[in-house]
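Have a look at the structure below, then the notes.
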Amino acid sequence: MNDIKGTLVTINKDITADMICSPEYQTESDPVQLAGHVFENIGNGFPKRLADASILVAGSGFGHDAVSDLPVRALQAAGIKCIIASDYDRGFFRIGINNGLALIEADILEKVSDGDTISLSLSRGKIACNEEEISFASYPEQVCSIIENGGLLQAVKAQLGKV
Amino acid sequence: MSPRRKMPTKAELLQLQKLYRTDENIGERLGGVPAYLVAYWRRKKNVPKHSQPKFSESEIRNLWERFGDDDRCGLELGISKAAFYNWRRRYGIREKPAFLKLEQLELNLPGMDLRNHIVPLYGKQTTTQKILAQSAGLDKVKVGELVVVEPNVVIVNKDFGKIIRTFKEIGVEYVWNPARIIISLDGNSGSTGEDSTDYKLAREFARRQKIDNFYDFHKGTSHQLAIENGHILPGQLVLGTDRYAVSLGALGAFAVSIDATEMATVLASGRIWLKVPSSIRIDISGRRPRGVYTGDIVLAVIKQLGTTRAEYRTIEYYGRAVASMSMSERTTLCYLSAEMGPKAAMCSFEAITRRYLTGRTNTSYKPVIADKDTVFDEVYQFNIDRLTPQIAGPNVINTIKPVRELEGLSIQQIIIGTCSNGRFDDLRVVANILKGNKVDSQCRLIVMPASHKVYLEALKKGLIRILAEAGAMVISSTNMSIAGEFQRTLAPGERCLTTSVSAIANSEKNNGTEIYFCSPATAAASALNGRITNPEPYVK
């Protein structure tokens, strides 16, 4: 699953962790319930716009003040597989990838609009969008396997199980 | 781990040789297999001792392109000029590097600026990039790139229960390499029932996995133990479980902290992904005035940079003042840098580092030094010629004032020591101030050496006696959590002076008490008067 393909939805910059999902749902473990609370207070047509999208395109400063895995879990519950933003909060970046959410550093917010379909390859570091090819820092093999297996723990289990 | 006794296949041996080169290293990687056994396997599988040349063609070529001088290149590899020439000839590299040729051309063609055409073939790398590249098995790495690295040392000093349970969940029987793992039981408090079970679990885990570098909580604080026992070497990549792992950068190692789940996977697989951080260079120049110590220098740096500027970046310390710092001062410098939230902090490798390691380790090491004209993300210059003692607080680290401004404020409790400021040098400073005097009757002074070794040394040199006679309560080496226990003895409205930053970090829980952070000298001088005091007149 090195290649991700899907419909995208765009969102503005400086999205904090609390905007993704309010911390009051910290204990919520049902993904369906959690999905309903993603971008609840942000307006602008959200969360409805998320409905059939699997890729989120955002500006700089995504996921600030992330202290738990709640925003990542919530986004995954809402069906997001991949986020493309120009930069992330360091905590969010680590938690995201370790939970199997593909986080890509690229600035394509201006080039795309809602409902576009794009495809990208993590191991080659290329995004194909609107007949244009954009490159980003590619993922090493092991990180690809984390995304593929849906989390760090699962990836290590799969890798060491084989030997 | 009971070492792997099954003979590897020929392909595996060749692969191991490619990565680790010598029999000793291969043995270590396989979990403590003796070198003679690896040699035996090689003979059985018909693998020569050196199926890979000691230096690869790209390595030789890169060096040659970079310096274009046999002598200089030989120095980099630790071989003679002639030996480098032979390696070069072996790979058929006879031509002079491109930039040298261009320089000669430049002489011949005055007026033409050829400098723009010179593309450095070997990018300028910071220490961080070099260490990460080395651990990832790459020639060089870019800032922002994701790399998968194998750490040289792993320190587990927190969340034992969670780490060990997750490790078991992965389903691997043995850890990746017991020789590279250190378990130290500090960090968590052992006072509650749940934690003591975790401690027991960690002890059993260390025994079963044959982890020799296991330190129970009476031995001292984990980072001090790792440094004083020579576990950390310059140029290594170190992973720790708490944010103060950055203090290990004192030796020129790249030390980062990771969370419990990641630690469990590292114990199992020996690999982790990291994003190459950019670096900030901090130059500290000048001579330290009387009464000013490392704690004051760091506070001055934090005052200027703030607590968020260095986030996700490496702080590399350079400059005259850093070069002359002792190892304990360097540790304090890197330890306190954690308050700026960096990925790692490190001091440049100096003769002091080499001297410190002599007699502490038998392992050979190769210091990693940033390229000469490396471009850093940001560069800051500090001069400490006119610095005065600083104090941070109450209860937050980023309100920093000169001690002068708060002088006269009464203090009920003073804590000196633990891993941020409890080394022998610090205790000596404190003892010199307290010698022949008494701690104020309204004030309680508690001193905690950073480790058992420090405690013993201070005992032998008579420092403990001076402290005890002055009326201080000297506790055997201990960890941060016990420093935390002492916070419970503070009543609302009381003031505490501490040399441990973690106490400040935890202080939000203690409503109504005021906790200040300062250097050991300020703390000792204040103990004599029962009020915040500028230590300058007291330093002999």
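Chain letters run A, B, ... following the sequence lines, proteins first, then strands; residues in each count from 1.
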Please state whether the side chain, the backbone, both or neither of B:Lys343 comes within less than 4.5 Å of a heavy atom of chain A.
both
Quick one: what part of B:Val172 sits under 4.5 Å from any heavy atom of chain A, side chain, backbone, both or neither?
side chain
Looking only at A:Glu141, A:Gln142, A:Glu105, A:Arg94, most heavy-atom pairs under 4.5 Å shared with chain B are made by A:Arg94
Quick check for you: among A:Val143, A:Asp89, A:Asp87, A:Ile97, which has the greatest number of heavy-atom pairs under 4.5 Å with chain B?
A:Ile97
Cation-pi geometry met for A:Lys126 and A:Phe136 (6.0 Å, 45°)
no
Examine whether an atom of A:Gln154 lies under 4.5 Å from a heavy atom of chain B, and if so say whether it belongs to the side chain, the backbone or both; otherwise answer neither.
neither
Applying a strict 4.5 Å limit to non-hydrogen atoms, the region of A:Ile95 in contact with chain B is neither
Check: A:Ser121 and A:Tyr139 side chains under 4.5 Å, non-hydrogen atoms
no
Can you confirm whether B:Cys334 sits close enough to B:Leu248 that some side-chain heavy atom of one is under 4.5 Å from a side-chain heavy atom of the other?
no
Checking B:Arg243 against B:Glu339 for the salt bridge (charged side-chain N to carboxylate O under 4.0 Å, His left out) test, could you report, in this order, the C-alpha distance in whole Å, the side-chain angles of both residues, the deciding distance, and whether it holds?
CA-CA 9 Å; B:Arg243 60 200 282 255; B:Glu339 296 310 314; 3.8 Å; yes
Examine distances only and state if a side-chain atom of A:Thr16 and a backbone atom of A:His64 form a donor-acceptor pair shorter than 3.5 Å.
no
